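First comes the structure, then the notes that go with it.
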Amino acid sequence: MKKLLILVAALAFATTATAQTLATESGADEVIRYWDNSSAPHSNYDSKAEKIVSSSGKYKVSHTTETVFYIFKPQRATGHSLVIFPGGGYKTVNLNFGWAKWLAAQGITTMVVKYRLPNGHAEVPLEDAAAAIEYMRDNANRLGIDPQKVGVSGSSAGGHLAAWSSVVLKGNQKPNFAVLHYPVISGHIWTNKPQWSTFEELLGKWRTPEQIDNHSVELLVDGNTPPTLILHCHDDLLAPTINSTLYYKALKHHGVKASYHIYPSGGHSWKDYKKQWTEATKEWVLSF
């Protein structure tokens with residue numbers, strides 16, 4: 001399949017990679033530089049140079065100040081699409097394109113979003129998430145997707161962003177379904193540093209109780225929240241399963257279609273039950 005590279009920005013050199021090499025090494029069919037702090041509605045006011053550190057096909061990006069979409073097209077599209085928000089505790093964006101390639105091989109058009117980190121400005125990553133979903137719908141004909149089969153997915157802090165997108169976005173920006181992998185959900189869980197530091201990165205050190213409530217997505221669920229699949233490991237010490245349990249309980253309370261899978265082991269990942277996670281995700285996405 002011919003690779004199409006669109007508007008790739010040349011970012012500052014990082015420890016082991018640049019935006020240009022990342023765009024090439026991603027293997028994406030399209031790489032789209034959507035906007036940056038100067039052209040987006042809001043800025044995260046991060047003045048440091050973006051840094052990309054690569055290791056074994058994975059890329060940890062910090063100080064993100066521009067939004068990039070990496071799109072993977074299937075040879076035989078089913079019409080389904082999934083917008084993926086990587087994790088990283090809202091401190092980094094941890095890109096791994098292998099998952100997107102696998103989904104594309106199943107017929108699912110997939111977009112991986114390198115979103116701008118909040119740096120205490122919570123509206124910024126949500127703004128990027130909304131733009132990504134809207135882009136998929138606006139380009140549905142060109143990409144060969146059904147605009148009513150656009151889902152979101154995310155892991156860890158990316159899971160928070162996917163869930164948050166599900167509960168607050170409206171109209172052309174609202175996803176049709178969601179897949180959450182070991183998500184951070186609530187700012188009211190204080191079991192360990194990775195849990196509460198995610199909200200510190202999102203809202204700032206001096207966040208108020210009202211801000212925490214407004215970004216704890218289990219409190220924002222209503223009957224219009226899209227159907228959601230949640231996948232978590234029992235022994236996850238970074239984002240405890242209570243996150244997923246609270247969200248699942250809220251979904252069921254409001255009559256939202258949901259499925260919740262808890263696996264015995266695997267920690268803050270899916271390494272022990274990878275086959276089960278991947279097949280469950282595929283089955284869920286293709287059910288719409």
Side-chain angles (χ1 to χ4, degrees), residues 7-23 31-54 59-70 83-95 111-135 152 154-165 167-170 173 183-187 193-217 220:
L7 296 178
V8 178
L11 299 182
F13 280 81
T15 304
T16 56
T18 67
Q20 184 68 49
T21 58
L22 176 55
V31 179
I32 299 162
R33 178 184 180 272
Y34 191 75
W35 59 26
D36 58 21
N37 275 340
S38 63
S39 55
H42 296 90
S43 172
N44 64 6
Y45 299 98
D46 191 338
S47 60
K48 294 184 179 179
E50 185 168 290
K51 181 178 179 181
I52 306 171
V53 178
S54 64
Y59 304 86
K60 183 174 289 189
V61 191
S62 55
H63 304 292
T64 57
T65 56
E66 74 163 2
T67 307
V68 181
F69 303 153
Y70 300 87
V83 178
I84 298 176
F85 307 119
Y90 283 131
K91 190 172 185 178
T92 60
V93 179
N94 298 339
L95 299 168
M111 173 194 282
V112 178
V113 182
K114 191 199 78 175
Y115 51 90
R116 291 171 298 146
L117 292 161
N119 193 37
H121 300 274
E123 67 276 7
V124 170
L126 183 65
E127 193 168 83
D128 290 358
I133 298 165
E134 192 167 42
Y135 182 91
V152 292
S155 55
S156 197
H160 177 270
L161 184 54
W164 191 19
S165 302
V167 297
V168 301
L169 296 181
K170 301 182 184 300
Q173 298 174 341
V184 174
I185 293 292
S186 180
K193 182 177 180 180
Q195 174 75 36
W196 59 258
S197 67
T198 297
F199 279 81
E200 184 170 297
E201 293 292 337
L202 181 66
L203 300 171
K205 185 175 182 180
W206 305 111
R207 56 201 179 280
T208 67
E210 182 180 14
Q211 286 177 312
I212 294 173
D213 282 351
N214 289 339
H215 296 84
S216 295
V217 289
L220 308 178

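Predicted model, so just to flag it, every value in this text is computed and none were measured.
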**Prompt:** Is the backbone of Thr21 close enough, under 3.5 Å, to the side chain of Thr18 for a donor and an acceptor to pair up by distance?
**Reply:**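 Here the side-chain-to-backbone pair exists.
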
**Message:** For Asn44, is there any backbone N or O sitting under 3.5 Å from a side-chain donor or acceptor partner on Asn37?
**Reply:**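 Here the side-chain-to-backbone pair exists.
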
For [X] and [Y], which heavy atoms make the closest approach, and how far apart are they?
{"X": "Leu22", "Y": "Leu95", "answer": "CD2-CD1, 3.8 Å"}
{"X": "Leu203", "Y": "Ala122", "answer": "CD2-CB, 3.8 Å"}
{"X": "Thr92", "Y": "Ser62", "answer": "CG2-CB, 4.0 Å"}
{"X": "His63", "Y": "Ala49", "answer": "CB-O, 3.7 Å"}
{"X": "Ala157", "Y": "Thr198", "answer": "CB-CG2, 4.0 Å"}
{"X": "Phe85", "Y": "Ala129", "answer": "CZ-CB, 3.5 Å"}

**Asked** How would you list all residue pairs meeting salt bridge (Lys or Arg N to Asp or Glu O under 4.0 Å) that involve residues 203-217, not counting sequence neighbours?
**Response**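 Applying salt bridge (Lys or Arg N to Asp or Glu O under 4.0 Å) to every pair that reaches into residues 203-217, excluding sequence neighbours, yields Glu200-Arg207.
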
**salt bridge (Lys or Arg N to Asp or Glu O under 4.0 Å) partners of residues 84-95, not counting sequence neighbours, each pair once** =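 Checked against salt bridge (Lys or Arg N to Asp or Glu O under 4.0 Å) - neighbours excluded - no pair reaches residues 84-95.
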
**Request:** Could you list the residues that satisfy side chain to side chain donor-acceptor pair (under 3.5 Å) with Thr67, not counting sequence neighbours?
**Result:**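 For Thr67, the residues satisfying side chain to side chain donor-acceptor pair (under 3.5 Å) (neighbours in sequence not counted) are Trp35, Arg116, Asp128.
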
**Asked** What residues form a side chain to side chain donor-acceptor pair (under 3.5 Å) with Ser156, not counting sequence neighbours?
**Response**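 In terms of side chain to side chain donor-acceptor pair (under 3.5 Å), with neighbours along the sequence ignored, Ser156 is linked to His268.
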
Please list, chain by chain and in numerical order, all residues satisfying side chain to side chain contact (heavy atoms under 4.5 Å, CB included) with [X], sequence neighbours excluded.
{"X": "Pro209", "value": "none"}
{"X": "Ile133", "value": "Arg137, Val150, Val152, Ser165, Leu169, Pro175"}
{"X": "Asp36", "value": "Arg33, Ser38, Ser39, Glu66"}
{"X": "Ser216", "value": "Ser186, His188, Phe199, Ile212, Glu218, Leu219"}

**Item:** Any residue meeting salt bridge (Lys or Arg N to Asp or Glu O under 4.0 Å) with Asp46, in chain and number order, not counting sequence neighbours
**Value:**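 Residues passing salt bridge (Lys or Arg N to Asp or Glu O under 4.0 Å) with Asp46: none at all.
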
**Request:** List for me each residue that meets salt bridge (Lys or Arg N to Asp or Glu O under 4.0 Å) alongside Glu201, sequence neighbours excluded, and say none if there are none.
**Result:**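 With sequence neighbours excluded, Glu201 shows a salt bridge (Lys or Arg N to Asp or Glu O under 4.0 Å) to no residue whatsoever.
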
**Prompt:** In chain order, what residues pass the ring-ring contact (aromatic ring centres under 6.0 Å, His included) check against His215, with sequence neighbours excluded?
**Reply:**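 For His215, the residues satisfying ring-ring contact (aromatic ring centres under 6.0 Å, His included) (neighbours in sequence not counted) are Trp164.
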
**Request:** Output all residues satisfying ring-ring contact (aromatic ring centres under 6.0 Å, His included) with Tyr90, sequence neighbours left out; order by chain, then residue number.
**Result:**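 Tyr90 satisfies ring-ring contact (aromatic ring centres under 6.0 Å, His included) with His160 only.
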
**Asked** side chain to side chain donor-acceptor pair (under 3.5 Å) between His42 and Glu127: does it pass, once the steps are laid out?
**Response** CA-CA 8 Å; His42 296 90; Glu127 193 168 83; 2.6 Å; yes

**Asked** Measuring from Leu117:CG to Leu202:CG, what's the distance to the nearest 0.5 Å?
**Response**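 It is 10.5 Å, given to the nearest 0.5 Å.
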
**Prompt:** Roughly how far, to the nearest 0.5 Å, is OH of Tyr135 from OH of Tyr34?
**Reply:**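 Answer for the OH-OH pair, Tyr34 versus Tyr135, is 8.5 Å.
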
**Request:** Decide yes or no for Tyr115 and Thr64: does some side-chain heavy atom of the first lie under 4.5 Å from some side-chain heavy atom of the second?
**Result:**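 Not in contact.
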
